[in-house]
Amino acid sequence: MKLSQAQADIMRLKQEKDICILAHSYQAREIIEVADFSGDSYQLSVFAAKAPQKTVIMCGVRFMAETVKLLSPDKTVILANPEAGCPMAEQIDKEYVSRLKRENDYTIVAYINTTAALKTVCDVCVTSSSAVDIVDKIDNKNILFLPDRNLGAYVAAKLPHKSIKLLDGGCPVHEAVSGIEAKKAKAAHPNSELLVHPECISEVAELADFIGSTSAIMDYVIGSDKTEFIIGTEISIIENLQYLCPDKRFYSLSHKLICADMKLTTLPDVLNCVKSDVGEYGEEITLDKETMTAARACIEKMIELGT
Ligand code: 13P
Ligand code: SF4
């Protein structure tokens with residue numbers, strides 16, 4: 001792999017300054033190439049906690065940087081582009097959830113795509129790869145799942161013995177894809193398998209050959225004997241898969257599968273972060289003591305139940 005000048009500078013500076021760079025799998029290939037680790041949101045949170053470096057630069061969206069801070073309170077955590085948020089993480093009102101908690105016997109399950117502030121009133125986090133497993137292990141039949149109604153419906157279908165109440169949230173990127181589009185894509189590429197993220201609506205998920213997190217989709221492709229795949233998640237996965245599996249063919253399920261927030265972070269952002277002193281570029285994530293304690297408990301419960 002030949003590095004560009006900017007990439008070589010990043011590699012040198014992160015070594016000199018003992019910085020760990022994390023990149024979600026939706027990031028551009030040139031960013032993934034300079035990262036110490038890339039993966040889905042669960043893998044990032046676990047890797048971050050174990051990383052020896054005292055400074056972490058997160059190339060992804062805000063809730064991911066907050067999760068790193070929650071698990072590594074003594075580290076300096078920088079969000080490479082402070083504008084990068086996840087619209088779904090902001091959809092649910094914390095006071096509303098607190099009221100539901102007071103009035104019902106729910107265990108409140110928060111998809112990790114939530115703000116640290118919202119996590120303070122939830123009992124346990126899940127990620128798309130761990131949701132079914134963790135909800136199954138919860139010692140309560142009554143679950144309030146938030147914010148993603150599609151991931152929640154997927155979990156509910158897998159666990160009919162649980163009573164799962166869903167709230168009205170979802171990923172605007174994945175939800176935009178219709179069942180008609182999925183049927184058309186399958187007809188256009190009849191030799192392909194359709195692989196989708198559980199944030200897609202049920203009409204799409206029902207047509208899929210495989211449903212999984214970003215990493216689960218990547219692992220499925222790498223381990224498969226098949227050669228053609230329609231990818232039903234953010235388009236960057238295709239770029240990364242094409243690099244890893246040059247002999248396989250990939251098609252995007254829809255041109256709508258572009259997360260503008262994930263695209264905000266650029267290689268120059270990463271270079272500027274590693275060149276600068278803390279606070280000069282990107283945003284250092286700070287969380288108050290109360291948020292640190294309550295939101296961290298929610299993530300620790302996920303790790304406890306997920307292992
Ligand atoms: P993963 O948990 O699969 O990494 O997904 C995060 C995300 O934002 C999906 O849209
Ligand atoms: Fe959030 Fe959807 Fe973007 Fe993932 S793809 S970061 S859930 S908006």
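Every number for a ligand or one of its atoms is a count from 1 in the order of the listing.
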For this session: Between E234 and ligand 2, find which residue part has any heavy-atom pair under 4.0 Å and reply side chain, backbone, both or neither.
Result: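 Neither; nothing of E234 gets under 4.0 Å from ligand 2.
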For this session: Answer yes or no for N113: is there a heavy-atom contact with ligand 2 below 4.0 Å?
Result: yes
Exercise. Looking only at atom types and distance, does a side-chain atom of N113 sit under 3.5 Å from a main-chain N or O of M88, one as donor and one as acceptor?
Worked result: no
For this session: Please answer whether the main-chain N or O of L207 pairs with a side-chain N or O of K186 as donor and acceptor at a distance below 3.5 Å.
Result: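 Confirmed, K186 side chain pairs with L207 backbone.
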Pair [X] + [Y], salt bridge at N-O below 4.0 Å:
X	Y	answer
K301	E304	yes
K119	E66	no
E95	R99	no
D74	K54	no
K162	D136	no

Between ligand 1 and [X], is the shortest N or O to N or O distance under 3.5 Å?
X	value
H24	yes
E199	yes
S128	yes
S215	no

Exercise. Can you tell me if an N/O/S atom from C259 lies under 2.8 Å from atom 2 (Fe) of ligand 2?
Worked result: no
Any idea which atoms of ligand 2 are less than 4.0 Å away from a heavy-atom of [X]?
X	value
C171	2 (Fe), 5 (S), 7 (S), 8 (S)
M88	7 (S)
E199	2 (Fe), 7 (S)

Exercise. Is there a donor in the side chain of E203 and an acceptor in the side chain of S178, or the other way round, less than 3.5 Å apart?
Worked result: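 Their side chains do not contain a donor-acceptor pair, so the 3.5 Å distance test is not met.
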Exercise. Quick one: do the T214 and H197 side chains pair a donor with an acceptor below 3.5 Å?
Worked result: no
To check your reading of the model: name the closest protein heavy atom to [atom], its residue, and the distance in Å.
atom	answer
atom 5 (O) of ligand 1	H197 NE2, 3.4 Å
atom 8 (S) of ligand 2	P87 CD, 3.4 Å
atom 1 (Fe) of ligand 2	C86 SG, 2.4 Å
atom 2 (O) of ligand 1	S41 OG, 2.6 Å

Exercise. Has R249 got its NZ or CZ under 6.0 Å from the middle of the six-membered ring of F229, at an angle within 45 degrees of the ring axis?
Worked result: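 That pair does not qualify as a cation-pi contact.
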Proximal atoms of ligand 1 relative to [X] (non-hydrogen, under 4.0 Å):
X	answer
S213	3 (O)
N113	7 (C), 8 (O)
Y26	7 (C), 9 (C), 10 (O)

Exercise. Would you call H174 a ligand 1 contact, heavy-atom distance under 4.0 Å?
Worked result: yes
Exercise. Going hydrophobic residue to hydrophobic residue with side-chain gaps under 4.5 angstrom, can you get from V109 over to L100?
Worked result: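 Not linked; separate clusters.
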